S.K.: 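Here's a structure for you.
Indexing begins at 1, ligand by ligand and atom by atom, following the structure's order. Because the structure is a prediction, the values reported are computed rather than measured.
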Amino acid sequence: MEKTLLIIKPDAVRKNLTGNILKQVMDAGFKIIGMKMLWLNKEQGGKFYEIHKGKDFYNWLVDFISSGPVVVACLKADSAPARLREVVGATDPKKAAPNTVRNLYGTSVGENVVHASAPDENPQREIDFFFKAGDLHEY
Ligand code: GDP
Ligand code: MG
């Protein structure tokens, strides 16, 4: 079993999509082993997304991710990072496969309702960004 990080972004929280998205993820076989709501400030948002520093959408992205509360969840499943990316769909909702989370709920390449750790971009670093060992529960 592997772990990965899901963030329900401010656009989705504002639209009351948190429950729908969590249900879709859990129906796909993921177990939630840690979860919380928080409102990132720009410094925290910028640090989380520092891999994108220098890109033309970086400042927009930092403003967006800190524009309202997010729900962060640590999920566990076989091949969790790769499988969650499949459930979430492509970055641009218009290009995301039918019935993926972003296809169903995303409105633009930026406002795409969720973040899911990329398998090749250190999911553990993203989990550690939000959760201490004692915040995660194996059951
Ligand atoms: P992801 O791994 O599928 O989330 O996509 P990326 O790592 O490429 O980008 C991170 C996040 O930045 C995306 O989920 C979007 O919210 C945002 N983003 C990516 N590309 C663009 C873009 O061209 N314009 C804007 N406004 N936002 C973008
Ligand atoms: Mg990415």
Side-chain angles (χ1 to χ4, degrees):
M1 295 278 236
E2 290 174 61
K3 298 184 183 87
T4 194
L5 182 81
L6 171 75
I7 304 178
I8 302 177
K9 291 178 175 178
D11 55 334
V13 172
R14 269 192 291 272
K15 292 176 186 167
N16 248 5
L17 292 170
T18 301
N20 292 33
I21 292 169
L22 288 175
K23 174 162 170 50
Q24 188 167 350
V25 167
M26 294 178 88
D27 285 349
F30 292 85
K31 186 183 257 193
I32 298 171
I33 63 167
M35 185 162 69
K36 59 188 163 189
M37 177 178 270
L38 67 169
W39 192 325
L40 299 174
N41 61 33
K42 286 195 191 185
E43 188 185 344
Q44 293 166 320
K47 194 159 182 237
F48 180 76
Y49 276 127
E50 65 187 3
I51 192 172
H52 297 298
K53 217 170 194 164
K55 294 184 185 167
D56 55 359
F57 61 83
Y58 177 73
N59 288 336
W60 181 90
L61 182 58
V62 173
D63 283 348
F64 170 54
I65 203 65
S66 57
S67 68
V70 296
V71 173
V72 294
C74 181
L75 305 177
K76 192 170 172 181
D78 287 327
S79 305
R83 285 190 44 229
L84 187 65
R85 295 283 290 199
E86 283 175 22
V87 173
V88 158
T91 307
D92 183 349
K94 289 194 295 287
K95 295 176 187 157
N99 296 315
T100 56
V101 173
R102 284 169 166 169
N103 167 260
L104 288 172
Y105 304 120
T107 51
S108 68
V109 67
E111 299 207 356
N112 58 3
V113 293
V114 286
H115 168 86
S117 299
D120 58 346
E121 289 171 6
N122 199 352
Q124 190 62 50
R125 176 234 170 219
E126 298 193 349
I127 293 165
D128 294 343
F129 192 91
F130 293 107
F131 297 101
K132 298 187 186 57
D135 298 334
L136 300 178
H137 307 285
E138 304 286 340
Y139 57 97

S.K.: So which protein heavy atom does atom 25 (C) of ligand 1 come closest to, and at what separation?
M.R.: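 Among all protein heavy atoms, the one nearest atom 25 (C) of ligand 1 is Phe57 CB, 3.6 Å.
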
S.K.: Salt bridge (charged side-chain N to carboxylate O under 4.0 Å, His left out): which pairs involve residues 40-65, sequence neighbours left out?
M.R.: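 Matches after skipping sequence neighbours: Lys42-Asp63, Glu50-Arg125.
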
S.K.: Of all the non-hydrogen atoms in the protein, which one sits nearest to atom 15 (C) of ligand 1, and at what distance?
M.R.: Val109 O, 3.2 Å

S.K.: With atoms numbered from 1 as shown, which atoms in ligand 1 lie under 4.0 angstrom from a non-hydrogen atom of Lys9?
M.R.: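 Going through ligand 1 atom by atom, the ones under 4.0 Å from Lys9 are 13 (C), 14 (O), 15 (C), 16 (O).
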
S.K.: Going by distance only, is there an N or O of Arg102 that falls short of 3.5 Å from an N or O of ligand 1?
M.R.: yes

S.K.: Under 4.0 Å from a heavy atom of Trp60: give me the atoms of ligand 1 that qualify, with their elements.
M.R.: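 Answer, ordered by atom number: 26 (N), 27 (N).
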
S.K.: Report yes or no: do Trp39 and Met37 belong to one cluster of Ile/Leu/Val/Met/Phe/Trp/Tyr joined by side chain heavy-atom distances under 4.5 Å?
M.R.: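 No, no single cluster joins them.
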
S.K.: Among Val114, Ile21, Ile8, whose side-chain contact (heavy atoms from CB on, under 4.5 Å) with Val71 holds?
M.R.: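 Among Val114, Ile21, Ile8, the one meeting side-chain contact (heavy atoms from CB on, under 4.5 Å) with Val71 is Ile8.
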
S.K.: Determine all donor-acceptor pairs shorter than 3.5 Å in which one atom belongs to a side chain in residues 85-92; sequence neighbours excluded.
M.R.:
unit_1: Arg85; atom_1: NH1; unit_2: Ala116; atom_2: O; d: 2.9
unit_1: Asp92; atom_1: OD1; unit_2: Lys94; atom_2: N; d: 3.0

S.K.: Could you identify the single nearest non-hydrogen protein atom to atom 10 (C) of ligand 1 and state the distance to 0.1 Å?
M.R.: His52 NE2, 3.5 Å

S.K.: What is the nearest protein non-hydrogen atom to atom 27 (N) of ligand 1, stated with its residue, atom name and distance?
M.R.: Gly110 CA, 3.5 Å

S.K.: How many angstroms lie between atom CD1 of Ile127 and atom CG of Leu6, to the nearest 0.5 angstrom?
M.R.: 11.0 Å

S.K.: Which residue from His115, Lys55, Arg85, Glu111 reaches closest to atom 2 (O) of ligand 1 through any of its heavy atoms?
M.R.: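 Answer by nearest heavy atom: Arg85.
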
S.K.: With a distance cut-off below 6.0 Å to the six-membered ring centre and an angular limit of 45° from the axis, does Lys76 pair with Tyr139 as a cation-pi contact?
M.R.: no

S.K.: Looking only at distances, please establish whether an N/O atom of ligand 1 is found under 3.5 Å from an N/O atom of Thr91.
M.R.: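 The answer is yes, given that Thr91 and ligand 1 share an N or O pair closer than 3.5 Å.
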
S.K.: Check the surroundings of atom CG in Asp120: do more than 12 heavy atoms from other residues, nucleotides or ligands lie under 6.0 Å from it?
M.R.: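 Result for CG/Asp120: enclosed.
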
S.K.: Test your reading of the structure: does Leu61 have an N or O sitting under 3.5 Å from an N or O of ligand 1?
M.R.: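 No, Leu61 has no N/O under 3.5 Å of an N/O on ligand 1.
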
S.K.: Considering only heavy atoms of Asn112, which atoms of ligand 1 have at least one such atom less than 4.0 Å away?
M.R.: 13 (C), 14 (O), 15 (C), 16 (O)

S.K.: Treating Ile, Leu, Val, Met, Phe, Trp and Tyr as nodes and any side-chain heavy-atom pair under 4.5 angstrom as an edge, say whether Tyr49 and Phe131 lie in one connected cluster.
M.R.: yes

